[in-house]
Amino acid sequence: MTKTYLPPQDSIERNWYVVDATDQRLGRLASEIATILRGKNKPTFTPHMDTGDFVIVVNAEKVDVTGKKRAQKLYRRHSGRPGGMKTETFAKLQARLPERIIEQAVKGMLPKNTLGRQLFTKLKVYAGAEHPHQAQSPQTLEIQTIPGGKD
């Protein structure tokens, strides 16, 4: 039986990546980001440890969805009070808080436990092209778009 590799906490290397969300499909973008946050792209991946990297997403307002999702996809939140359900379409939420769309998509792809909440803190999403993390000297990460994808 093989044992799970346990990397020492001080040997885990954390890189910073910048992803441009312009004209990217929401789901494909979110799954790539979740993989990097989790550390699954590294040979030192350990399921119960945070071995992932930091991800900065810029141009969140320009993320794209296919089909009629722009008008039909709904985002719901509840205040916790009776009748407190608020519903918003993709287009309205994108106009109001474009960062939340990517945050929710990625959060849904992370583990639903303490580790997932810890991983989520390493995601930084910005609506425009500017971000305040120049000091970390982040690398640009290209996410492949499918040529001839359905629109």
If you compare all heavy atoms of [X] against all heavy atoms of [Y], which two are closest, and at what distance to 0.1 Å?
| X | Y | answer |
| --- | --- | --- |
| Met109 | Gly27 | CE-O, 3.8 Å |
| Gly39 | Thr51 | CA-OG1, 3.9 Å |
| Thr46 | Pro7 | OG1-CD, 3.1 Å |

Short question: side chain of [X], backbone of [Y] - any donor-acceptor pair under 3.5 Å?
| X | Y | result |
| --- | --- | --- |
| Lys92 | Ala71 | no |
| Arg76 | Met85 | no |
| Ser79 | Arg81 | yes |
| Lys122 | Val55 | no |

* Asked: Is Asp64 salt-bridged to Arg28, going by a charged N under 4.0 Å from an acidic O?
  ->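 Not counted as a salt bridge, because no side-chain N and carboxylate O are separated by less than 4.0 Å.
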
* Charged N to carboxylate O under 4.0 angstrom, Lys62 versus Asp20? -> no

Going hydrophobic residue to hydrophobic residue with side-chain gaps under 4.5 angstrom, can you get from [X] over to [Y]?
| X | Y | answer |
| --- | --- | --- |
| Phe45 | Leu37 | no |
| Leu119 | Leu29 | yes |
| Ile143 | Leu123 | yes |
| Trp16 | Ile102 | no |
| Leu26 | Val58 | no |

So do the side chains of [X] and [Y] get within less than 4.5 Å of each other, counting heavy atoms only?
| X | Y | result |
| --- | --- | --- |
| Gln104 | Arg77 | no |
| Val63 | Pro98 | no |
| Tyr126 | Lys124 | yes |
| Lys68 | Lys73 | no |
| Ile33 | Val57 | yes |
| Pro138 | Phe54 | no |
| Gln9 | Met49 | yes |
| Phe90 | Lys69 | no |

* To do: Inspect the surroundings of CD in Glu13 and state if more than 12 heavy atoms from other residues, nucleotides or ligands are less than 6.0 Å away.
  =>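 Count not over threshold, so no.
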
* Tell me, yes or no, whether the heavy-atom count around Lys42 atom NZ, taken from other residues, nucleotides or ligands under 6.0 Å, exceeds 12. => yes

Just how far is it from atom [atom1] of [X] to atom [atom2] of [Y], taken to the nearest 0.5 Å?
| X | Y | atom1 | atom2 | result |
| --- | --- | --- | --- | --- |
| Asn15 | Ile36 | CG | CD1 | 10.5 Å |
| Glu61 | Leu97 | CD | CG | 12.0 Å |
| Lys86 | Leu74 | NZ | CG | 15.0 Å |

* To do: Taking atom types as modelled, find out whether Arg70 and Gln94 have a side-chain donor-acceptor pair closer than 3.5 angstrom.
  =>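 Per modelled atom types, Arg70 and Gln94 side chains form a pair under 3.5 Å.
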
* To do: Using only heavy-atom distances, determine whether the side chains of Thr35 and Asn41 contain a donor-acceptor pair under 3.5 Å.
  => no

* What's the verdict on salt bridge (Lys or Arg N to Asp or Glu O under 4.0 Å) for Arg96 and Glu88, showing C-alpha distance, side-chain angles and the deciding distance? -> CA-CA 10 Å; Arg96 195 172 64 89; Glu88 208 169 3; 2.8 Å; yes

* **Centroid-centroid under 6.0 Å between Tyr17 and His133 rings** => no

* **Check against salt bridge (Lys or Arg N to Asp or Glu O under 4.0 Å), Asp53 and Arg38** => CA-CA 8 Å; Asp53 298 320; Arg38 188 95 200 269; over 6 Å; no

* Asked: Taking Gln134 as the fixed residue, which of Gln136, His131, Glu130 is the one that meets the side-chain hydrogen bond (donor to acceptor under 3.5 Å, both in side chains) rule?
  -> His131

